[in-house]
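Numbers restart at 1 for each chain; the letters A, B, ... are given by sequence-line order, proteins then strands. Keep in mind that what you see is a predicted model, and the values were worked out from it rather than measured.
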Number of protein chains: 2
Amino acid sequence: MDVATDGLDAATKASLERLAVSRADAGTVLFRPGDDAAGFVLVHEGRIGVYLTGRSGRDILLYSVERGQTCIQTTLGLLGGEAYTGEGIAETPIAFSVLPRGDFMALMENSAPFRAFVFRSFAGRLNDVTRLLEQVAFVRVEQRLARVLIERAGEDGTVHLTHQALASAIGSAREVVSRRLEALRSRGLVELDRGLIRVADRPGLRHLAEGE
Amino acid sequence: MDVATDGLDAATKASLERLAVSRADAGTVLFRPGDDAAGFVLVHEGRIGVYLTGRSGRDILLYSVERGQTCIQTTLGLLGGEAYTGEGIAETPIAFSVLPRGDFMALMENSAPFRAFVFRSFAGRLNDVTRLLEQVAFVRVEQRLARVLIERAGEDGTVHLTHQALASAIGSAREVVSRRLEALRSRGLVELDRGLIRVADRPGLRHLAEGE
DNA sequence: ATCGCTTGGTGATCTTGTCACTGAAACAGC
DNA sequence: GCTGTTTCAGTGACAAGATCACCAAGCGAT
C-alpha cells in the first residue's frame, strides 16, 4: 500500500529533489472535481485525503496520499487527459512539489525506474479503491468502523476524529456512526469524548474488524 | 471508457498479432481471486466480466473487458506482483491471446506507444472502479438499475439478463432487484418475462437513470 | 410425465440512510 | 465574567435496502 520513492535511481531522485517545495495548511482544498491536472505531485510531508462526494453531500475517503507518495489522480490526468473526480484536502500541514507536465513526460520516456514508480503507485491506488468498494458493498458499518478505529488509533489508543470525519472515512452517515459508536461503547470496546474516541479493548475491536 | 489498441505503432501491433489465439466458451472462469497473473491478456472477441465477491456470496461487476482491451488485473499482477482480487468470467464466447511476462516487460521497456496503451487501460479502469464506488455508495438502487437497463438494452429494447445477473451488475440482492423491477413495471417503464426485460419507455427510464 | 434445476415472487425482520430536531461543548468578542 | 455563534453529538420517526426462509412457475432432460 505504501508507495515510497525507494527504488528510484540517483539521477531521477536528484531531478525530483531539485524541485521547489510548496507548503499548505491543514484544511486547504488542493483540487476539486473537474480541475485539470497541473503536473505530477509528490508529497514530502503530511497527508492529503482524496474524497469522493455524492450529490446528497455525503462523502467518502477514496485514499490518502502520504510522504513519498504521489497523487495518481494527477497522473491520471496527465496521461489520459481526464479531470479529477475527487476532492483533495490537506489533512495535516503539508509540503509538496510539482513536476511540470513536460518534465514528467520526459522522465516517463527516459527513466525506467520512474516508470516503475508511477506504475506501482497506480497499482496501489487501484487496489485501494477496489478494496474500499468491497468494504462499502459487502461489509457492515460496525465492522468498517472497527477497522478504521484500529487503523487510526495512536499508541495510546486514541482517535482524534469527529463522528462526521469517521462517517466520511467509511462512507456512511454521521447519525449512523454516532449510534454504532454508542453500541461499541456499551460493549466496553471504546470510550467516547467530544472529537475523540479511545480504543478500550483493542483485541475485541480487532476481532470485530476482521469479521466474525 | 473503451480502451482500444488504436494508437499502437505498427511494430508493436505486429508483435501482438503474432501471438497464438486461444478461445473459451461463455461461462468459463478465467481467473479467481488469489491466482497469479500468467501474462498480459488481450481480448480479441467477446466480453469478459470481472466480478468482486463478498463473503456473503453477493457479488458485483467491477468492469467488463471487451474487444481490443486488456485485463488490467493481470497487468497489475505483472507489474506489482499483486494477485487477482476479482473473478474473471467469459460472458460470451471469447477469443484472446496471452503475451508472456518477459515479452510484456520488453515491450514496456522499448515501446512508448505500448506503455501509453497500458497506462490508458489503467486510467480507464481506475475511473470505472471509482465511478462504480460512487454509484454504490451514493445512488439509489432504482436509479442504478435504470442505468444498467439503458446500457444493456439492445436496439429492440430487450435486456437478456436474469434478476440475479442484474443484481450482480449493480451490487445489490436479487430480491431487491425483483421488487424494483416490479415497481418499474407498474409505472409502465419496463415489461417483464423470464430471463428478459423489455424497456417499454426508454425516455422515462433514461430520465430516472440521470437522477431526478 | 415427472424429476431436477433455474428463475422469480413474497412476507418478516434487521440494518442502514435520511430528515428534522435538540442540546451540549467550544470559542470569539465584548 | 457573559453572549452569541459554531461545531459536535444524540434521538425519534420513517424510508430504503439486505437478508432469510420460503414457495411457485417455467424449462429441460430423460
Side-chain angles (χ1 to χ4, degrees), chain A residues 26-27 52-60 133-149 158-187 190-198 208 211-212, chain B residues 26-27 52-60 133-149 158-187 190-198 208 211-212:
Chain A
L52 196 63
T53 304
R55 286 191 221 198
S56 57
R58 246 173 73 215
D59 52 12
I60 182 167
L133 177 62
E134 188 174 5
Q135 293 281 314
V136 171
F138 302 129
V139 178
R140 290 205 157 351
V141 164
E142 194 166 83
Q143 194 174 327
R144 276 187 274 156
L145 191 55
R147 185 178 300 242
V148 173
L149 288 177
T158 61
V159 182
H160 290 270
L161 289 174
T162 64
H163 293 191
Q164 178 57 63
L166 278 170
S168 292
I170 66 170
S172 179
R174 181 189 59 80
E175 300 92 317
V176 176
V177 168
S178 288
R179 287 192 248 253
R180 286 298 96 204
L181 280 176
E182 169 54 27
L184 295 182
R185 195 201 54 71
S186 77
R187 279 185 270 159
V190 300
E191 291 163 19
L192 303 177
D193 258 314
R194 189 186 171 88
L196 171 75
I197 292 104
R198 257 183 308 277
L208 222 179
E212 242 64 22
Chain B
L52 196 62
T53 304
R55 287 191 218 197
S56 58
R58 246 173 76 215
D59 52 12
I60 182 166
L133 177 62
E134 190 175 4
Q135 293 281 313
V136 172
F138 302 129
V139 178
R140 290 207 157 346
V141 163
E142 193 167 84
Q143 193 173 327
R144 277 187 273 156
L145 189 55
R147 185 178 300 240
V148 172
L149 288 176
T158 61
V159 183
H160 291 270
L161 290 174
T162 63
H163 293 190
Q164 177 57 63
L166 278 170
S168 292
I170 65 170
S172 179
R174 181 189 58 80
E175 299 93 316
V176 176
V177 168
S178 288
R179 288 192 248 254
R180 286 298 95 204
L181 280 176
E182 170 54 28
L184 295 182
R185 194 201 55 70
S186 78
R187 280 186 268 159
V190 300
E191 291 163 18
L192 303 177
D193 258 315
R194 190 185 171 87
L196 173 74
I197 293 104
R198 254 183 311 277
L208 222 178
E212 241 66 20

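Looking at which nucleotide of DNA chain C each of G195(B) and A173(A) is closest to, the 5′-most match is held by G195(B). Between R58(B) and L196(A), the residue whose closest nucleotide on DNA chain D is further toward the 5' end is L196(A). Along DNA chain D, the nucleotide closest to L192(A) and the one closest to V176(B) are compared, and the more 5′ of them pairs with L192(A).
Between F138(A) atom CZ and dT19(D) atom C1' there is a gap of 14 Å when expressed in whole angstrom units. Taking atom NE2 on H160(A) and atom P on dC8(D), their separation rounds to 14 Å, with Å as the unit. Here dA9(D) presents its C1' atom at 13 Å from CZ of R185(A), a figure rounded to the nearest Å. Look at CG on D59(B): it is 15 Å from C1' on dA18(D), rounded to the nearest Å. Distance E142(A) CD to dT16(C) P: 8 Å, rounded to the nearest Å. Spacing between atom CD of Q164(B) and atom P of dC5(C) amounts to 18 Å, rounded to whole angstrom units. In this entry the distance linking CG of L145(B) with P of dA18(D) reads 12 Å, nearest Å. dT7(C) atom P lies 14 Å from atom CG of D193(B), rounded to whole Å.
Side-chain proximity of E175(A) to the nucleotides dT16(C), dT7(D), dT11(D) is greatest for dT11(D). Picking from dA18(D), dG8(C), dT19(D) the nucleotide with the shortest atom distance to the side chain of S56(B) gives dT19(D).
Contact detail for F138(B) and I60(A): the closest heavy-atom pair is CZ-CG2, 3.7 Å. In plain terms, the two heavy atoms of A167(A) and A173(A) that are nearest each other are CB-C, 3.7 Å.
A donor N or O paired with an acceptor N or O is not found under 3.5 Å between the base of dG9(C) and the side-chain atoms of R179(B). Looking at R140(A), its side chain has no donor and acceptor atom pair within 3.5 Å of the base of dT15(C). Applying the 3.5 Å distance criterion, the base of dG17(C) shares no donor-acceptor pair with the side chain of R174(A).
The phosphate of dC8(D) has neither OP1 nor OP2 within less than 4.0 Å of any side-chain N or O from T162(A). The side chain of H163(B) places an N or O atom within less than 4.0 Å of a non-bridging phosphate oxygen (OP1 or OP2) of dG9(C). Between S178(B) and the phosphate of dG9(C), there is a side-chain N or O to OP1/OP2 separation shorter than 4.0 Å.
Salt bridge annotation for R179(A)-E182(A): absent, with no cationic side-chain nitrogen under 4.0 angstrom from a carboxylate oxygen.
Judged by distance alone, the side chain of R147(B) and the main-chain N or O of I170(B) form no donor-acceptor pair under 3.5 Å. Side chain of R144(B) to main chain of V139(B): a donor-acceptor pair is present (N/O by atom type, distance under 3.5 Å, no hydrogens or angles).
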